[in-house]
Amino acid sequence: MISVRNVYKKFGDLSVLNGVSLDILAGEKVVIIGPSGSGKSTLLRCMNLLEVPEKGEVWLDDQILTEVDPDLHPELQTKADRKAFKKQYGIDINHGRAKMGMVFQHFNLFNNLTVMGNMILAPVELKLKTKEQAIKDAETLLSRIGLLDKKDVYPATLSGGQKQRIAIARALNMDPKALLFDEPTSALDPEMVGEVLELMKDLANDGITMVIVTHEMGFAKEIANRVIFIDEGVIKEESAPAEFFTNPKDARLKEFLNKVL
Amino acid sequence: MLYNLNAGLWQNCVKIFTSKEYMNMLFEGLGCTLLISFGAAIVGVLLGTLVAIVKIIPSKGPLMKVLNVICDVYTTVIRGTPMALQLFIMAFVIFAIRGFPMEIVAILAFGINSGAYVSESIRAGILSVDIGQTEAGRALGLPYSKTIFKIVIPQAIKNVIPAIGNELIALIKETSIVSMVGGLYDLTLVAKILGGGDKLASFLAPMTVVALFYLAIVYLLTFVIKLIERRLRASDKR
């Protein structure tokens, strides 16, 4: 569903991603872990092009989001060839993003809008739904997360856990094919982590594709189909959670797991 | 000497407030000051918003680059030269046309000057909105323009109101220099005329009265700004 192909990303002189390739299948739950500064968030942000990679490609199903990387397509020799390829397989980035919901560490609810305003802004503006339909769907989602009574309040009045659950509901109101989670519980008070993880487990059972950057190892063990360890901008290990946590191979991963488990 | 200065303040004030002629002159001056200030405020805020948006957009195309340079030159030149000089250039060079309404010259001169300062305030206001708000909008698939207009600017306005208020207060008082180019009878010039030998033959009373007029305008404006601010902060209430 989401395919990251040999992606490189630099911030100034600092190389954050050094050739990362990753295929995420439809319905899969992939958890990405790694020490801070390893590039895990950057990898996630490259998937919806909040960060634009210098090299490599990102695909959403059979459509390319990034520019065409000549190294990955030796058959496309001229610039015109690559342009034609991009024209054939390319998708407008805004359309691509609309299909991938993103949940941020700091929630990023729109402070100038009520909860309902947050929920319906994008689907209505992008004409994915009529206003009536968007409101109806938003109400369904809000009652599912038990926050329908908050629909007319502004985000400033909500707790962190409530904000994050609404941020997830806002992403879901776009009817996305996949959800990207960037450390969704890292900015929460400990007692609010549970409610957000519960909701995420619920979604996982619904079968939506999820890519999750997190430090919650227990959660990763429970819901992941595949766990990925990233360090120094490359994928050091990837395997099913049982294998990943009980029988790690990479030395750096062993050290990391020893510290966090 | 001090006695002389003080003498007649009260009587002259009474004269001003009881004379229909003097009061008419004062209200004409008030109207002129308000017209220039109001017109210049509109020009300034519109121009300032436009310039701020041009400066904030991550420039890629050649058109945006040219616009960016123009906006940079504009703020640099306007903020780097005296207001009085800009007014002279407007009145005696650019609009040195017989019969051209001086009100428009003044509104443009003060508006263009104000726009340079307003643009920097608005730019600061836009930059003060957390980048996460923009990212969340873009991640939902909203184009840059929609993200800016529906999410960032509504939040920036609230941060910008105090600075804009400050600029408008300064603008109202700055209009007093229009008397330097002639042709416009604003509050300050009216005070000067009232103090002349053929009227009251003393500046103390008319200057005091006019000072109170300015004070009243600024006080009212401050009150309105506070009201607007309070309304805009509704979404911050906990």
Side-chain angles (χ1 to χ4, degrees), chain A residues 41 44-45 47-52 60 91-115 117-128 152-159 163 166-167 170-176 179-182 187, chain B residues 45 49 52-53 56-62 64-65 121-164 225 227-238:
Chain A
S41 282
L44 194 76
R45 289 162 61 87
M47 289 180 191
N48 68 354
L49 256 58
L50 280 186
E51 305 293 350
V52 181
L60 177 63
I91 179 178
D92 174 57
I93 182 59
N94 294 325
H95 291 154
R97 282 173 177 154
K99 295 178 186 168
M100 287 184 277
M102 187 167 212
V103 177
F104 297 86
Q105 182 177 357
H106 296 287
F107 333 126
N108 296 344
L109 291 181
F110 305 134
N111 296 319
N112 57 319
L113 299 175
T114 60
V115 167
N118 269 275
M119 298 279 297
I120 66 171
L121 176 69
V124 173
E125 285 291 331
L126 298 174
K127 300 196 168 61
L128 301 176
D152 295 320
V153 308
Y154 285 96
T157 61
L158 301 168
S159 76
K163 281 184 197 171
I166 287 165
R170 175 177 72 178
L172 287 172
N173 207 20
M174 300 286 290
D175 300 328
L179 281 176
L180 311 176
F181 292 86
D182 188 3
Chain B
V45 169
T49 310
I53 288 172
I56 230 91
I57 292 174
S59 49
K60 273 191 194 138
M64 284 312 296
K65 276 193 179 139
S121 299
I122 291 182
R123 202 170 66 89
I126 291 175
L127 291 177
S128 73
V129 176
D130 180 22
I131 183 75
Q133 298 283 313
T134 309
E135 285 186 349
R138 298 309 308 276
L140 282 166
L142 293 172
Y144 183 79
S145 57
K146 284 219 161 113
T147 309
I148 289 291
F149 284 108
K150 299 269 172 184
I151 301 162
V152 178
I153 289 187
Q155 295 182 54
I157 285 175
K158 184 162 73 173
N159 297 340
V160 153
I161 290 292
I164 301 270
I225 291 166
L227 272 185
I228 295 174
E229 234 190 303
R230 199 176 316 154
R231 167 111 10 128
L232 288 176
R233 296 229 170 256
S235 63
D236 291 350
K237 281 212 188 99
R238 275 155 207 281

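Here is how names work: the chains are called A, B, and so on, in the same order as the sequence lines, proteins then strands, and each is numbered from 1. Keep in mind that the numbers below use all heavy atoms, side chains included, and drop hydrogens, waters and symmetry copies.
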Strictly distance-based, threshold 3.5 Å: is any side-chain N or O of N48(A) a donor or acceptor partner for the main-chain N or O of A139(B)?
no
Structural part of R170(A) lying under 4.5 Å from a heavy atom of chain B:
both
Can you give me the closest heavy-atom contact between L126(A) and L140(B), atom names plus distance?
CD1-O, 3.5 Å
Nearest heavy-atom pair of A136(B) and N108(A): which atoms, and what distance?
CB-O, 3.5 Å
Is it the side chain or the backbone of K146(B) that comes within 4.5 Å of chain A heavy atoms, both, or neither?
side chain
Once rounded to the nearest 0.5 Å, what's the spacing between atom CG of L50(A) and atom CZ of R138(B)?
8.5 Å
Separation between NZ of K158(B) and CG of N111(A), rounded to the nearest 0.5 Å:
6.5 Å
Heavy-atom cut-off 4.5 Å, strictly under: side chain, backbone, both or neither for L109(A) against chain B?
backbone
Heavy-atom cut-off 4.5 Å, strictly under: side chain, backbone, both or neither for F110(A) against chain B?
both
Highest number of heavy-atom pairs under 4.5 Å with chain B: which of N94(A), L128(A), L158(A)?
N94(A)
Paired with N112(A), the side-chain contact (heavy atoms from CB on, under 4.5 Å) test is passed by just one of I153(B), V129(B), I151(B), namely I151(B)
Best-contacting candidate, K99(A), R45(A), H106(A), against chain B by heavy atom pairs under 4.5 angstrom:
R45(A)
